[in-house]
> 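Dropping the structure in here first, questions after.
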Amino acid sequence: MPRKLNDMVVVITGASAGIGKALAERLSARGAKLVLAARRVERLAELNRQMSNRHLVVRADVARREDCQAVVDRALERFGRIDTLVCNAGYGSYRTVAETSPEEMRRLFATNVFGSTDCIYAALPAMLRQEPRDGFCGQVMLVSSCVARRAIPYLGAYSATKAAQLSLAESMRVELKPQRIAVTCVMPIQTKTEFGQVAEIEGGLKIAHGPVGQTVQHVARRMTDAIVKPRAEVWPFRPARWAFGLGTLAPRLIDYLMNDYRRQVEMVNPRTTDSSPVANR
Ligand SMILES: NC(=O)c1ccc[n+]([C@@H]2O[C@H](COP(=O)([O-])OP(=O)(O)OC[C@H]3O[C@@H](n4cnc5c(N)ncnc54)[C@H](OP(=O)(O)O)[C@@H]3O)[C@@H](O)[C@H]2O)c1
């Protein structure tokens with residue numbers, strides 16, 4: 001039975017921009033009750049205003065465990081249940097693994113991985129207690145990435161966080177099935193959002209974007225379909241599922257193809273051995 005979006009309670013982290021914002025707009029138009037969480041609360045308030053102020057806005061930095069708990073508490077206080085939790089907040093950093101400091105690595109995992117697990121840990125008890133709605137007690141949706149299947153150079157640390165999200169989803173999907181909690185992992189390819197801008201600022205490298213990409217509206221549409229009819233994985237750009245799957249079957253072939261990509265990035269970001277931040281550490 002498809003889940004009705006009308007009056008469904010959906011919590012979205014990272015709703016102030018990009019994919020999260022597009023999903024909020026789509027779900028709001030279909031009658032869902034939303035909890036919009038992010039750090040830039042003024043953006044969330046403006047988004048809520050555009051949607052007739054029907055939703056709940058919560059300022060939250062998901063890297064802080066207490067903020068994740070507060071998002072869930074405020075959602076339950078206002079709406080009494082959570083039907084779908086979308087762990088979408090995240091960012092990347094264009095930098096080699098060798099140049100990623102231990103502090104940066106921890107910061108990335110704190111947002112992308114622990115920001116997901118802390119929200120899930122806070123939300124699951126309520127989902128397990130609540131009455132099923134359209135056959136499900138709840139749904140956890142993690143916004144991972146195609147790079148979870150096969151990491152790419154200059155996004156190694158980020159790819160590791162996305163692989164962690166995918167592993168969590170794969171385990172939870174089976175563990176929570178008897179409790180009628182669906183778990184869905186979203187695997188977008190390059191999508192036009194603020195992601196690239198943030199990753200360039202964080203990592204300090206310029207990356208030329210490839211010709212293949214998708215819009216936030218397309219990703220949000222596919223995510224909405226998977227909220228209505230929960231499925232294991234959502235690949236908004238379907239051919240990517242097979243292309244990235246090949247990475248697990250033929251890793252050396254993909255390494256070979258990635259070498260070209262590395263050379264392109266090196267051309268845009270020229271460095272001498274003397275200026276290498278790793279050698280000079
Ligand atoms: N764009 C792509 O090419 C692409 C591809 C695959 C997967 N993804 C994934 O899609 C998700 C959304 O990214 P996007 O492309 O929509 O990027 P975006 O436009 O930069 O949006 C990122 C969202 O995450 C929020 N966020 C970041 N750090 C946060 C924190 N510590 N606490 C709370 N919120 C935080 C931001 O809100 P505030 O800054 O206001 O807090 C913003 O709302 C991410 O998980 C990303 O890894 C993106």
Side-chain angles (χ1 to χ4, degrees), residues 11-26 34-48 57-71 85-94 104 106-119 141-152 154-155 157-166 168-169 184-203 207 209-220 222-223 233-237 240-241 244:
V11 174
I12 307 173
T13 67
S16 62
I19 294 171
K21 179 170 182 263
L23 180 68
E25 287 167 341
R26 194 167 186 86
L34 305 178
V35 179
L36 309 167
R39 294 164 302 181
R40 287 172 293 179
V41 75
E42 62 297 339
R43 282 198 182 200
L44 296 177
E46 174 56 21
L47 177 63
N48 194 22
V57 163
V58 183
R59 194 209 163 278
D61 177 348
V62 298
R64 294 160 51 93
R65 185 177 168 188
E66 57 274 28
D67 284 15
C68 296
Q69 183 66 52
V71 170
L85 165 68
V86 184
C87 300
N88 165 73
Y91 73 98
S93 168
Y94 294 144
E104 290 172 292
R106 278 162 179 72
R107 211 158 51 78
L108 205 48
F109 271 78
T111 296
N112 295 5
V113 182
F114 305 135
S116 300
T117 53
D118 290 348
C119 286
M141 178 174 268
L142 289 120
V143 182
S144 173
S145 165
C146 56
V147 299
R149 276 278 152 77
R150 161 72 212 208
I152 59 175
Y154 306 103
L155 270 180
Y158 168 77
S159 302
T161 66
K162 296 286 135 180
Q165 286 181 307
L166 175 60
L168 292 162
T184 300
C185 201
V186 186
M187 318 288 281
I189 60 159
Q190 182 180 288
T191 310
K192 293 178 202 87
T193 67
E194 294 168 18
F195 180 91
Q197 227 176 305
V198 173
E200 284 192 357
I201 294 168
E202 286 287 334
I207 303 277
H209 296 291
V212 183
Q214 57 199 355
T215 63
V216 283
Q217 287 76 20
H218 174 71
V219 178
R222 297 292 311 281
M223 288 169 72
E233 287 180 10
V234 178
W235 289 79
F237 181 67
R241 167 175 240 142
F244 279 82

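From a predicted model like this one, the values you see are computed outputs, not experimental measurements. Remember, it's 1-based here, ligands and their atoms both numbered in the order they're listed.
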> Could you please spell out the steps behind the side chain to side chain contact (heavy atoms under 4.5 Å, CB included) verdict for Arg59 and Asp67?
CA-CA 8 Å; Arg59 194 209 163 278; Asp67 284 15; 4.1 Å; yes
> Got a sec: does the CZ of Arg150 have more than 12 other heavy atoms crowding it under 6.0 Å?
yes
> Any ion pair linking Arg149 and Glu233 (charged N to carboxylate O, less than 4.0 Å)?
yes
> If you round to the nearest 0.5 Å, how far is OG1 of Thr193 from CD of Gln214?
10.0 Å
> For Val216 and Lys21, what are the C-alpha separation, side-chain angles and deciding distance, and is it a side chain to side chain contact (heavy atoms under 4.5 Å, CB included)?
CA-CA 9 Å; Val216 283; Lys21 179 170 182 263; over 6 Å; no
> Return the orientation label for the Phe109 and Phe114 ring planes: parallel under 30°, perpendicular over 60°, tilted otherwise.
tilted
> Near ligand 1, which protein residues have a heavy atom under 4.0 Å away?
Gly14, Ala15, Ser16, Ala17, Gly18, Ile19, Ala38, Arg39, Arg40, Ala60, Asp61, Val62, Asn88, Ala89, Gly90, Thr111, Val143, Ser144, Ser145, Tyr158, Lys162, Pro188, Ile189, Gln190, Thr191, Thr193, Glu194, Phe195
